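To find a chain, count down the sequence lines: A is the first, B the second, and so on, and within it residues start at 1. It should be emphasised that the depicted structure is a prediction, and the values quoted were computed from it without experimental measurement.
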Amino acid sequence: MKIETILTTKGSNVFTVRTTQPVRDAVVLLVRHNIGAVVVLNDAGELRGILSERDVIRAVARDENLTVLTVGDLMTRQVIIGEPGDDATAVLHTMTEKRFRHLPVLDQGRLIGIVSIGDLVKLQLDEYQGEIETLKTMTNGE
Amino acid sequence: MLPATNMRIAIIGSGPAAFYAAEHLLKQDNLTLEVDMFERLPTPFGLVRGGVAPDHPKIKTVTKAYTHVAENPRFRFYGNVEFGKHLKLTDLRQHYHQILYATGAQTDRHMGIPGEDLAGSHPATEFVAWYNGHPDYQHLQFDLTQERAAVVGVGNVAIDVARMLCRSPQELKETDVADQALAALSQSKIKEVYLLGRRGPAQAAFSNPEIKEVGEMVDADVFTRADETHLDPLSQHALATSGDRSLNKKVEILQSYATRQPTGKSRQLIIRFLVSPVELIGDKQGRVTKMRLVKNELVASETGSINAKATDQFEELSVGLVFRSVGYRGVPLPEVPFHERWGVILNEQGRVIDPATKQPRRGEYTSGWIKRGPSGVIGTNKPDSIETVTCMLEDLAAGQTLTPAQPDPATMERLVCERQPHYFSFADWLKLDQSELAQGAAQGRPRVKITSVNEMLRATGKV
């Protein structure tokens, strides 16, 4: 299945912050929307990185003063980018292998959404459940 | 506090997603919800009736579960009633607390190549709707005097179409294929059918039972090519690390077809991989005569997804009939927000989203293919519809519903009668169903479908 399937039911909101914003702004977004990461853009609106719970926790562990830091200071810069047509199973494998949990998705250079490992697991569960459901009705129908 | 009147819900569409949603809504013990289902055609069940291949009768037994839902006294079916034509959104807002759109994905995506619209080149869904007796598609003509046909795509619709083109008249007679299609397909001159996959055997979407089934057809041999089913290093690695035994089996079956020898059957199904049509070429009359294919290689994207990349090698394939099955998209509903790029109703977990405010539109929901796009099998619509219904119940509990002025069944029935006197109730459908089954029994077939709305009206004594 394509990761596009996940994005179709997520509305068209993608939560983003600018590199220059205080870390607190990003943390508020994470908490308010109950999400694990936000996409970071520069002032020109280009993707520059991702800021996840992990980045914040690591900074806390290093005793950094979060009140003076900007999103740009803490974000992960090396980001793997997805396309709408990418295969969900392949993405799940890559996330597991490379230990990341959020994938920004670009369509012809434009940010159209973010796919989390939780979304991918749910998609796979629904897929299996759907197959079981179909088999169940077919055998009961005998 | 819940209001004294029953909460009333309208569902647009009557396919699997619609019925799974109705089922989940009606089984809420603490709520007495009423569900009215509206369907454009007189007959219910969407693609189970109009999409599932005639030679897959077992899959259609799922309608028994839907019929059971329809027996609930709090459920009503209004067939032959079209949203946007007989009933507008403003009408529904007057009569219902919540509205659910479950209208599916009704059109094909285009291949986007020159010659796509030549005579003899068709969307696969039109052919499917035609052989399944959908009243809107019975006027179509497919030139089955051609000897070579190509089906572009390797999903389950593509393989259904290829299989139906290869079935013998005897095999077809044992199905509920529409009479007109039965007659035309029984006279078919097709000798070779090509099924064309853009990527390799390890990426093909069809299931193992489907791929085994084409190896067991009465009067058609199936072949693949060794050079196209041999796995490239990327696919080999993906297969080895996936631990997916059924995928390994699929590749094995497809490779085994490369070593088969012709057994003298009348038709051949040739499954090709790593090719994409780049142009359809026609004769002076504008009829397709051949197809230009580019050979693809596989490349891995950053996310590990294996994609097709065109090479500089081309070939030509002589074909007189082409069916494209490269994806489906939903059709926008009047006054309902639509996402053009994805071909779905703009939504969040099934709540319809207003594009301007990015907030949910009160009382409007969606489920099934018009919500998530065309993916999965029939049963996949169950978890999908449950997700939507969960949102609906949350909003109900929070009092976030529409506030209809006339939320009672009798007023609604009067309105439907006024706008569409020839509407079909579920009892009407059951009558039609019995008559189709009886006609089938008389001919030794599972069912003979009635394929025009007028005939349906006559069969149920409405005209």
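When heavy atoms are compared at a cutoff of 4.5 Å, Asn347(B) approaches chain A by way of both its backbone and its side chain. Contact of Ile59(B) with chain A is made through backbone and side chain together, with heavy-atom distances under 4.5 Å. Contact annotation for Glu387(B): only side-chain heavy atoms (C-beta onward) come within less than 4.5 Å of a heavy atom of chain A.
Asp25(A) has its side chain within reach of Pro22(A): a pair of non-hydrogen atoms, C-beta onward, lies under 4.5 Å apart. Side-chain contact between Glu83(A) and Lys2(A): absent, with no pair of heavy atoms (C-beta onward) separated by less than 4.5 Å. With a 4.5 Å cut-off on side-chain heavy atoms, Arg18(A) and Asp43(A) count as touching. Leu298(B) places a side-chain heavy atom less than 4.5 Å from the side chain of Leu274(B).
Here Lys250(B) does not pair with Glu210(B) in a salt bridge; the nearest charged N to carboxylate O distance is not below 4.0 Å. Taking 4.0 Å as the cut-off between side-chain N and carboxylate O, Arg341(B) and Glu4(A) count as a salt-bridged pair. The residues Arg447(B) and Asp433(B) are annotated as salt-bridged, a charged nitrogen and a carboxylate oxygen being separated by less than 4.0 angstrom.
Phe273(B) and Phe206(B) have perpendicular rings, their planes meeting at more than 60° on a 0 to 90° scale where under 30° would count as parallel. Using cut-offs of 30° and 60° on the angle between ring planes, the pair Tyr328(B) and Trp369(B) is parallel.
If you tally non-hydrogen atom pairs under 4.5 Å between each of Arg351(B), Glu302(B), Lys371(B) and chain A, the highest count goes to Glu302(B). When each of Ile3(A), Ile81(A), Asp87(A) is checked for heavy-atom pairs under 4.5 Å with chain B, Ile81(A) comes out on top. Most heavy-atom pairs under 4.5 Å with chain A, from the set Asn381(B), Val62(B), Ile345(B), Ile386(B): that is Val62(B). Interface summary for chain B: among Thr94(A), Asp86(A), Ile6(A), the most heavy-atom pairs under 4.5 angstrom belong to Asp86(A).
Annotation: side chain to side chain contact (heavy atoms under 4.5 Å, CB included) contacts of Thr8(A) (sequence neighbours excluded): Trp342(B), Val344(B), Arg372(B).
Interatomic distance, Ser207(B) OG to Lys212(B) NZ, rounded to the nearest 0.5 Å: 9.5 Å.
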Using distance only, find each side-chain donor-acceptor pair of residues 354-361 of chain B under 3.5 Å and give its atom names and separation, not counting sequence neighbours.
unit_1: Asp354(B); atom_1: OD1; unit_2: Ala356(B); atom_2: N; d: 2.8
unit_1: Thr357(B); atom_1: OG1; unit_2: Gln359(B); atom_2: N; d: 3.2
unit_1: Arg361(B); atom_1: NE; unit_2: Glu364(B); atom_2: OE2; d: 3.1
unit_1: Arg361(B); atom_1: NH2; unit_2: Glu335(B); atom_2: O; d: 2.7
unit_1: Arg361(B); atom_1: NH2; unit_2: Glu364(B); atom_2: OE1; d: 3.2
unit_1: Arg361(B); atom_1: NH2; unit_2: Glu364(B); atom_2: OE2; d: 3.3

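With 3.5 Å as the limit, one finds no donor-acceptor pair spanning the side chains of Ser305(B) and Thr303(B).
Proximity to chain B at a heavy-atom threshold of 4.5 Å picks out Val79(A) from residues 51-79 of chain A, in numerical order. For residues 233-246 of chain B, heavy-atom neighbours of chain A at less than 4.5 Å comprise Thr241(B), Ser242(B), sorted by residue number.
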